[in-house]
Amino acid sequence: MENQANRILSIRFTNIKTIKSGKVESPDSYNTSKNRFEPLIPSVSGIYGQNGTGKTTVVESLNILKNLSLCRGLLIKDEKTDSVRSKYPYLLSLGSKTGQIDYEFLIFEKGIPYVINYILDFESITDSICRIQKETFIAKVFDKNQNSSQVYFAPISFDFTNPLLLDLYDGVAHKEPKINFTVNSEKFNEFTTLSAAKKECIKTSSSMIFSDDFLKYLSESADKKIETAYSVVSKLQRQINFDLFVYTRKQEAFSNLGLDSIFFVYKTNKKETHGTFELSDGPFEIEEDDRPFYEQFIKEVNLFIESFVPEFNIHITDISSYTTPNGVSMQRIAIYRKEGMGDLPLSQESSGIKKIFDIAVALIYVYGHKNCWLVVDELDAGIFENLLGQLLQAINENGKGQLIFSAHNLMPLERLNYKSIIFTTSNTENRFIRFSRTSETSNLRNLYIRALTLGGQKEDLSTSVSVEDIDQALWEAYSSLCQLEEKSDGKENSSCNM
C-alpha cells in the first residue's frame, strides 16, 4: 500500500444550520468505498453554490472538530450571571430540537488503514444555543480474509444527557453497562476521575473522548483492545491538532490588523514544530527564542509570493530588546514590506495579498506534506481569478496533502477534475451533489452555467430567479425608500422623483 496518507473522507449533516440533510464526500471516498484504502495524492475538494446553501457550514464544522480535539468547549459559562453562550450560535437548523455531524476519516496507524466515524449528536437548549447530546467513536479495519470491514474494538460512546459515568470502557460491546470493582480499588479511582471529567465536559460541551483523563485511562490499560483504541484515538487527535488548518473569514489574521495569530511549521534536522505565532501591523514584542519562527515565515512567504508579485519582499525591523525580571530575553520588532526606498506597513497591502498572507504557509505545507489537511472558506476572496486557478492547478498536479475549500469564482472549475467539485443545491434535504453525466473531458464551468440556466441535474442548484425579478425588486425597494424619505421630510423629496 503505497499511499498511506490520512484523509477526511466525508462529513454528513442532519439539521445543521441550513442543511436539513446532506453529505460532503472527498474524492478519496471512491477508493475507500471499494475497500482499496489508497488515498489520492493530492486530494482536492472545491465546494460551489448559491449563497446560504451550506458552504461555510462545512468549514465551520471542521473548526468545531478542531476545537473539540484541542479540548475546548463549545459553550462558555458566565459564572457571575450563571448564563451560557455558544461559540457557534444557531448551529442547529431553526425549529430543530436535535442535529448531528458525522465525520468520516481514513487514518493509518502502524501501517493499518482504519475508517473512523466520529459522530456528534446535538440537542437544543434555546433557539440559538445547543450542546453535545452524545459523542461516538467507531473504528473499522479492513479484513482481507473476509473481504469486509471489521470492528476490532467496540465503539466508544458517551451520553451527555446523563451526568453519571455508566461504565469503564473495556473495548467490548455490552448490552448493559458493566462495573465490576470495589470501593477503593484501582478501578474505582479511575471511575471517580473519569466521572468528574465527564461532568466537566457536560458543563462546557467539550469532548470526553479526546479529554486528557480518558486518553490517560486508555493508555494505562494492559488490555490489547483498549491499547489499540488508545493508539487509534490518539492518532486521530494528533492529526487534527497538528495537521488540520481551518481558515474561516472570521479567522483571517489581517482582517482587523491587531496582534493576531498566524500558522507556522518550523523544521530543522533535529525537530519539527507546528503552531501559531503573533503577527501585527505595527511594532510588537516577541521572545528571543521565537525569532527563528519569524525568520522562517518571512523566508517562505517571500519565496512564495514573489512568484506572482515581482520583487515582493518583507523583512524584520529591529526596534529594541530587553530582559524581563524573570530573565526572559525579549525583542521589539516590526514587519514591513520593502517598497522602493521605504517600508510599507502590512495594513496597506491589498485584500488579496492579505488573504495570501493568512494561508501562505498552510498552502506551502499542503503542497508538500501528504498528511496536511487545509480547509479554507471563500478561498477566492480578493484573489485574482487567474492566480487562483494557477494555485489550485499547481496543488492539484504536484501537491501531496488534502485541500478543501469553498469559492464563488468559477475559474477552478476549468482546472480541477470533476470528482474534485461538489455543488450545493437549493434542496435543504439534499444539499450536496456531484454532477451526473460528466467525464474527464467535461468542462465543468460550462456545465455549471448551463445547469443554472436550463437545469438538467438531479437537484436545482439555485432558487429560481431572473433578471426581471431582481429588476422588479430593486424598483419596489427604491420606491419604498422614497416614500420613507418623503414622510421624514414632510414633503416630496426631489431626489426620488421618477
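Proximity of a side-chain donor or acceptor of K87 to a complementary backbone N or O of I64 within less than 3.5 Å is not detected. The backbone N or O of S26 sits less than 3.5 Å from a side-chain atom of S29, completing a donor-acceptor pair. Between the side chain of D380 and the backbone N or O of H408, at least one donor-acceptor pair lies under 3.5 Å. A donor-acceptor pair under 3.5 Å is absent between the side-chain atoms of S205 and the main chain of I202, judged by distance alone. In terms of modelled atom types and a separation under 3.5 Å, the side chain of Q331 and the main chain of R291 share no donor-acceptor contact. Distance alone, capped at 3.5 Å, is enough to place a donor-acceptor pair between the S420 side chain and the V44 backbone. No donor-acceptor distance shorter than 3.5 angstrom exists from the side chain of D243 to the backbone of Q239, with no hydrogens or angles considered. Side-chain atoms of K17 do not come within 3.5 Å of backbone N or O of G52 as any donor-acceptor pair. R131 contributes no side-chain N or O that, together with a main-chain N or O of S124, makes up a donor-acceptor pair within less than 3.5 Å. Although no hydrogens or angles enter the test, the distance criterion places no donor-acceptor pair under 3.5 Å between the side chain of H174 and the main chain of E176.
Residues S321 and E288 have side chains that never bring a donor and an acceptor to within less than 3.5 angstrom of each other. Counted by atom type alone, Y365 and E300 present zero donor-acceptor pairs between their side chains at under 3.5 Å. Residues T56 and D377 bring a donor and an acceptor atom of their side chains to less than 3.5 Å of each other.
Within 6.0 Å of atom CZ in R337, more than 12 heavy atoms from other residues, nucleotides or ligands are found, so the atom counts as buried in its surroundings. Heavy-atom neighbours of E186 CD from other residues, nucleotides or ligands within 6.0 Å: at or below the threshold of 12. The 12-atom threshold is exceeded at CZ of R332, counting heavy atoms of other residues, nucleotides or ligands nearer than 6.0 Å. Heavy-atom neighbours of D318 CG from other residues, nucleotides or ligands within 6.0 Å: above the threshold of 12.
Electrostatic pairing of K97 and E123 does not count as a salt bridge here, judged by no charged N lying under 4.0 Å from a carboxylate O. Look at D170 and K187 and you find no salt bridge, because none of the NZ, NE, NH1 or NH2 atoms lies under 4.0 Å from a carboxylate O.
The cationic group of K66 lies under 6.0 Å from the six-membered ring centre of F245 and within 45° of the ring axis, placing it in a cation-pi geometry.
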Check the pair I41 / R7 against side chain to side chain contact (heavy atoms under 4.5 Å, CB included), numbers first and verdict last. CA-CA 10 Å; I41 303 290; R7 289 290 181 256; 3.4 Å; yes
Should D28 and L106 be marked as a side chain to side chain contact (heavy atoms under 4.5 Å, CB included) after you check the CA-CA gap, both sets of side-chain angles, and the distance that decides it? CA-CA 9 Å; D28 301 275; L106 174 63; 6.0 Å; no
Evaluate the side chain to side chain contact (heavy atoms under 4.5 Å, CB included) criterion for residues Y336 and H315: first the C-alpha distance (whole Å), next the side-chain angles of each, then the deciding distance (0.1 Å), finally the verdict. CA-CA 6 Å; Y336 297 115; H315 63 94; 4.3 Å; yes
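What you find for F432 and G54 is that their closest heavy atoms are CZ-O, 4.0 Å. Among all heavy-atom pairs drawn from V84 and I129, the shortest one is O-CD1, 3.1 Å. Nearest heavy-atom pair across L392 and L403 is CD2-CD2, 3.5 Å. Nearest heavy atom pair, residue Y217 against residue Y169, reads OH-O, 2.6 Å. Y367 approaches A394 most closely through the heavy-atom pair CE1-O, 3.8 Å. The minimum heavy-atom distance linking G368 with K400 is given by the pair O-CD, 3.3 Å.
In this structure, F210 has its ring center closer than 6.0 angstrom to the ring center of Y118.
Below 30°, between 30° and 60°, or above 60°: for F423 and Y48 the angle between ring planes is between 30° and 60°, a tilted geometry.
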